[in-house]
Amino acid sequence: MAVARFIRHGKRVADIGTDHGYLPVYLAENGISDSIIAADLRVGPLKNARQNIEAAGLGDRISLRLSDGLQAFSAQEVEEISIAGMGGILIAQIMEQAPWLKTGDKHLVLQPMSHPEVLREFLMKNGYTIIEETVCEDSGKIYCVMSVAFSGEKTEYPQHYEYYGEIPSCKEPLAKEYLSRLGFRLSRDADSMRCADPARADKLYSVSEKIECILSNM
């Protein structure tokens with residue numbers, strides 16, 4: 001639901017790492033898109049997706065594709081790209097291998113399960129802009145979801161932006177909890193590496209302090 005909220009209506013969609021095809025089915029059933037490609041790296045998940053798509057009677061609006069990231073796609077096929085349910089490092093690698101994403105008509109919805117700071121840093125360095133972020137909870141864990149587009153502009157970002165992104169502007173009640181947990185984890189990690197890597201520990205302490213400052217103003 002959090003990912004679907006950011007998908008622009010009436011656009012051609014590619015769902016990368018579709019797994020069971022739940023997102024494409026939701027998008028089609030709710031009239032958000034009638035042209036969706038559900039893609040996955042493995043045959044097994046695509047079989048699961050096919051079963052769900054056929055059970056919903058949506059085979060005319062959702063097609064399946066075996067693809068390693070976006071490598072089996074071309075720029076002319078899609079305008080909306082969702083990449084969800086995988087690590088931030090992998091998402092950055094997938095984007096790096098698809099330079100055709102760097103055009104104004106492409107919009108991405110990214111949901112990193114881990115290392116969102118690595119993904120944000122990649123976006124910052126490569127001319128992408130995080131338009132908006134939201135948060136969602138699953139099995140007791142809180143994840144961020146990013147609405148992203150290419151601008152090509154060199155932007156000056158606040159210190160440690162890669163750790164918190166646009167979440168301070170998020171109106172979801174869980175946003176504060178997300179940041180609170182993040183600050184606690186970074187401070188704990190800094191404590192554990194204070195002797196082994198003092199420079200890294202100092203940076204994490206600094207990020208944690210920045211997050212505390214943000215929370216006090218939310």
Side-chain angles (χ1 to χ4, degrees), residues 1-7 17 81-96 101-102 104 106-218:
M1 293 292 291
V3 172
R5 173 190 155 195
F6 282 150
I7 298 291
I81 299 97
S82 66
I83 312 178
M86 60 189 79
I89 296 173
L90 179 56
I91 294 175
Q93 291 172 346
I94 289 172
M95 292 181 64
E96 191 168 30
L101 293 174
K102 293 185 174 183
K106 308 303 179 195
H107 174 249
L108 300 102
V109 183
L110 311 175
Q111 187 268 304
M113 301 291 283
S114 62
H115 299 102
E117 73 281 359
V118 174
L119 177 57
R120 290 195 194 95
E121 188 167 14
F122 168 83
L123 297 173
M124 293 159 60
K125 289 181 177 178
N126 287 273
Y128 292 95
T129 297
I130 302 175
I131 302 166
E132 185 181 354
E133 288 193 56
T134 190
V135 295
C136 58
E137 185 174 8
D138 181 59
S139 301
K141 294 185 178 181
I142 306 175
Y143 302 97
C144 62
V145 184
M146 308 173 188
S147 170
V148 174
F150 180 75
S151 66
E153 299 175 358
K154 290 186 176 181
T155 304
E156 290 293 326
Y157 290 94
Q159 187 182 30
H160 306 315
Y161 177 86
E162 67 271 23
Y163 283 90
Y164 55 83
E166 294 299 318
I167 290 176
S169 301
C170 176
K171 302 303 182 184
E172 291 289 334
L174 280 173
K176 284 187 176 182
E177 180 65 19
Y178 177 94
L179 291 173
S180 178
R181 292 185 188 185
L182 175 60
F184 174 80
R185 178 174 60 80
L186 293 175
S187 180
R188 181 194 61 198
D189 291 348
D191 288 342
S192 68
M193 65 178 67
R194 196 163 35 182
C195 295
D197 192 347
R200 174 70 175 165
D202 285 345
K203 178 182 178 180
L204 296 185
Y205 282 131
S206 178
V207 178
S208 182
E209 290 171 2
K210 174 73 174 183
I211 290 171
E212 284 296 322
C213 181
I214 290 171
L215 282 167
S216 68
N217 289 289
M218 285 180 70

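Quick note: residue numbers are just sequence positions, from 1.
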Heavy-atom distance under 4.5 Å between the side chains of [X] and [Y], does that happen here?
{"X": "Met146", "Y": "Arg120", "value": "yes"}
{"X": "His107", "Y": "Ile131", "value": "yes"}
{"X": "Leu204", "Y": "Tyr163", "value": "yes"}
{"X": "Cys144", "Y": "Glu133", "value": "yes"}
{"X": "Glu209", "Y": "His160", "value": "no"}
{"X": "Ser151", "Y": "Tyr128", "value": "no"}
{"X": "Thr134", "Y": "Phe6", "value": "yes"}
{"X": "Tyr143", "Y": "Pro116", "value": "no"}

Indicate yes or no: does Lys125 engage Glu121 in a salt bridge with an N to O separation below 4.0 Å. yes
How far apart are the closest heavy atoms of [X] and [Y], and which atoms are they?
{"X": "Leu174", "Y": "Cys136", "answer": "CD1-C, 4.4 Å"}
{"X": "Ile130", "Y": "Glu166", "answer": "O-CG, 3.6 Å"}
{"X": "Phe150", "Y": "Gly127", "answer": "CD1-O, 3.4 Å"}

Please enumerate all residues that pass side chain to side chain donor-acceptor pair (under 3.5 Å) together with Glu177, with sequence neighbours excluded. Arg181
CG/Leu123 to CG/Leu110 distance, rounded to the nearest 0.5 angstrom? 6.5 Å
If you count heavy atoms of other groups shown closer than 6.0 angstrom to NZ of Lys102, is the number above 12? yes
Which residues share a ring pair (Phe, Tyr, Trp, His ring centres under 6.0 Å) with Tyr157, sequence neighbours left out: Tyr161
